[in-house]
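When a ligand or atom number is given, it counts from 1 through the structure's own listing order. All values reported here derive from a predicted model rather than from experimental measurement.
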Amino acid sequence: MSRLREHPHFRLNQLTGEWVLVSPHRAQRPWQGQVESVARRSEPQYDPECYLCPRNSRAGGARNPDYKETFVFTNDYSALYPLAPDQLSEENKSGLIVARSEPGICRVMCFSPRHDLTLSTMRIEEIRRVLDVWADQYSELGSLDWINHVQIFENRGSMMGASNPHPHCQIWANATIPNEPVKELRTQQEYHRRSQSCLLCDYLKLELQERERIVFENDAFVVVVPYWAVWPFEVIVISRAHVAKLPELGSQQRDGLAQTLKQITSGFDEVFQAPFPYSMGFHQSPTDKQEHPEWHLHAHFYPPLLRSATIRKFMVGYELLGTPQRDITPETAAQRLRDTLASART
Ligand SMILES: [Zn+2]
Ligand SMILES: [Zn+2]
Ligand SMILES: [Zn+2]
């Protein structure tokens with residue numbers, strides 16, 4: 001195993017069934033790519049120009065209330081909207097041109113009235129409130145008979161396309177289970193059928209034994225750089241308990257998740273001494289009104305940074321046309337994140 005890890009090898013992502021190429025020997029090569037300047041703007045507590053700050057008006061004319069904690073509203077530029085019940089579709093004779101309409105609901109959620117905060121700088125009680133609202137939103141949207149999946153996700157940083165620094169996330173709920181969760185549904189169902197146990201419960205047990213890729217843990221959650229990570233500092237946040245969705249978490253588990261999110265996001269900010277961009281999101285069981293004994297609640301963080309606050313990884317070339325590839329190994333990345341979190345705590 002240790003010799004394999006010094007040479008190019010493929011690793012299998014158990015959740016998607018896809019492979020990633022790991023090339024540890026390339027981590028030493030000189031870099032001659034793009035160097036970006038670091039966005040280190042300090043934000044004001046309130047920005048009169050921000051469409052998410054309390055009391056401000058949004059494009060389209062709506063005015064935000066003077067909210068004190070969190071605030072959820074329907075996206076003024078929703079990617080999906082609820083359609084009339086008769087669905088539209090298109091398919092030509094050869095079956096090569098296929099489309100169908102997709103109903104859905106897109107909401108925006110502000111984490112805080114403060115324009116200058118982020119998950120990494122919010123207090124744990126404030127993060128706890130955010131995840132209580134996430135759980136309620138999932139339950140409310142998921143209970144609609146035509147909503148079969150609810151995706152909660154956050155894009156942080158302009159590098160990830162976040163158009164506004166105000167701390168917020170998006171909630172997209174729709175009729176069809178999207179590509180990534182569908183892959184994870186199939187792999188988890190298949191594992192459950194084959195082994196009569198849960199894929200992520202078993203994987204977590206293994207990581208807790210090996211302890212090579214664990215970044216942070218508390219009584220409720222464990223943060224791991226997955227064995228099959230694609231992005232340099234990608235992590236997966238796994239519930240210790242076998243639960244399928246946020247609403248199933250008890251009060252102590254929710255406090256544990258709030259602490260976990262605070263630790264990992266503030267740890268990320270320490271890695272390159274700069275606000276760490278990422279896309280993150282929770283994968284909860286589909287809301288298709290079926291039983292999902294196979295599904296295990298988790299969150300993914302996909303940060304693009306590679307070697308500094310200015311050097312990012314792009315998914316290009318072989319990655320677009322072949323298979324994703326990484327140089328720094330998941331074990332090295334986990335060590336680095338673990339050390340960073342440990343030194344941040346002392
Ligand atoms: Zn704002
Ligand atoms: Zn499980
Ligand atoms: Zn997932």
Which N, O or S atom of His242 lies nearest to the Zn ion (ligand 2), by name: ND1
Test: Arg193 cationic atom under 6.0 Å from Tyr191 six-membered ring centre, within 45° of axis: no
Check: Leu204 main-chain N/O paired with Glu207 side-chain donor or acceptor under 3.5 Å: no
Protein N/O/S atoms closer than 2.8 Å to the Zn ion (ligand 3): Glu184 OE1, Glu184 OE2, His283 ND1, His298 NE2, His300 NE2
Pair Arg194 + Glu190: basic N to acidic O under 4.0 Å: yes
Apex the Zn ion (ligand 2); atoms Cys198 SG and Cys201 SG; angle rounded to 10 degrees: 110°
Working for side-chain contact (heavy atoms from CB on, under 4.5 Å), residues Leu341 and Phe268: CA-CA 8 Å; Leu341 258 73; Phe268 275 152; over 6 Å; no
N, O or S from Cys50 under 2.8 Å to the Zn ion (ligand 1): yes
His298 and His300 aromatic ring geometry - parallel, tilted or perpendicular at 30°/60° bounds: perpendicular
Between Trp172 and Phe153, ring centroids under 6.0 Å: yes
Vertex the Zn ion (ligand 1), arms to His166 ND1 and His115 ND1, rounded to 10°: 110°
Within 45° cone and under 6.0 Å: Arg58 NZ/CZ vs Phe73 ring: yes
Considering only N, O or S atoms of His296, the one closest to the Zn ion (ligand 2): ND1
Geometric class of the Phe111/Trp134 ring pair [parallel <30°, tilted 30-60°, perpendicular >60°]: perpendicular
